[in-house]
Amino acid sequence: MDCLFCRIIAGEIPSKKIYEDEDVYAFYDIDPKAPTHFLVIPKKHITGPDAITEENCAVVGKIYAVIAKLAKELGLDHGYRVVSNCGEDGGQTVGHLHFHVLAGRLLSWPPG
Ligand code: 5GP
Ligand code: ZN
């Protein structure tokens with residue numbers, strides 16, 4: 001298994017876990033870009049946003065529901081941003097679909 005996030009899900013690489021169910025895993029980013037920065041990922045290996053299909057897309061809705069629940073639990077009352085980078089120009093560095101959740105400061109728009 002050469003996927004970093006699959007290895008994190010399997011517990012082979014330690015992570016600061018926030019949430020887990022049969023389909024979804026959430027953990028804090030190792031290099032936070034905001035006071036709160038965590039990642040929410042499907043347990044099933046999907047290489048990125050460009051690999052989402054009608055067949056595998058149900059987990060994406062579930063991930064957004066998990067994000068809303070965690071945001072409430074973590075008290076992100078001022079708002080947050082969900083980001084999913086895709087490909088080289090999108091800034092994707094890990095080839096396992098992931099949703100960044102960033103909060104705790106005013107985030108600029110548009111992104112750089
Ligand atoms: P991307 O750049 O693909 O959108 O996001 C990958 C994210 O994974 C980055 O924000 C990076 O800091 C994070 N990351 C990379 N390696 C690890 C790791 O070993 N553990 C954790 N918790 N996050 C990681
Ligand atoms: Zn993977």
Side-chain angles (χ1 to χ4, degrees):
M1 187 159 47
D2 61 0
C3 171
L4 175 66
F5 287 176
C6 282
R7 295 185 70 193
I8 283 177
I9 292 163
E12 292 175 17
I13 294 172
S15 67
K16 279 183 69 182
K17 181 171 88 173
I18 309 171
Y19 174 87
E20 179 175 18
D21 65 29
E22 65 272 27
D23 301 311
V24 176
Y25 191 87
F27 58 108
Y28 284 104
D29 197 291
I30 204 168
D31 181 19
K33 312 298 189 297
T36 298
H37 183 181
F38 60 90
L39 302 169
V40 187
I41 65 178
K43 284 192 168 174
K44 182 179 185 302
H45 181 84
I46 298 171
T47 54
D50 53 353
I52 296 170
T53 64
E54 285 188 27
E55 286 69 40
N56 68 17
C57 69
V59 73
V60 177
K62 185 161 185 185
I63 282 171
Y64 270 88
V66 167
I67 290 170
K69 180 174 121 73
L70 294 179
K72 287 188 188 75
E73 287 176 8
L74 295 171
L76 308 182
D77 304 326
H78 285 272
Y80 55 90
R81 182 170 295 168
V82 183
V83 176
S84 192
N85 297 324
C86 186
E88 196 179 339
D89 281 1
Q92 183 180 4
T93 61
V94 177
H96 181 127
L97 180 65
H98 50 282
F99 296 80
H100 297 260
V101 180
L102 300 139
R105 66 173 171 82
L106 184 60
L107 298 159
S108 61
W109 188 262

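Counting begins at 1 with the first residue of the sequence. Atoms within each ligand, like the ligands themselves, are counted from 1 in listed order. Since the model is a prediction, treat every value here as computed from it, not as a measurement.
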Any heavy atom of [X] closer to ligand 1 than 4.0 angstrom?
X	answer
Lys16	no
Val83	no
Ser15	no

Taking non-hydrogen atoms only, is [X] closer than 4.0 angstrom to ligand 1 via side chain, backbone, both or neither?
X	value
Phe5	side chain
Phe27	side chain
His98	side chain

Assess the pair Phe38 and Tyr80: is the distance between their ring centroids shorter than 6.0 Å? no
Within a distance under 2.8 Å of the Zn ion (ligand 2), the protein atoms of type N, O or S are Cys3 SG, Cys6 SG, His45 ND1, His96 ND1
Look only at interatomic distance and state if [X] has a nitrogen or oxygen under 3.5 Å from any nitrogen or oxygen of ligand 1.
X	answer
Ile30	yes
His100	yes
Val94	yes

Among non-hydrogen protein atoms, atom 15 (C) of ligand 1 lies closest to Leu4 CD2, 4.0 Å
Compare Ile8, Leu97, Thr93, Ile13 and give the one whose heavy atom is closest to atom 2 (O) of ligand 1. Thr93
Closest heavy-atom approach to atom 9 (C) of ligand 1 among Asn85, Asp29, Ile41 is made by Asp29
For residues 103-112, which residue pairs qualify under salt bridge (charged side-chain N to carboxylate O under 4.0 Å, His left out), counting only residues two or more places apart or in two chains? none
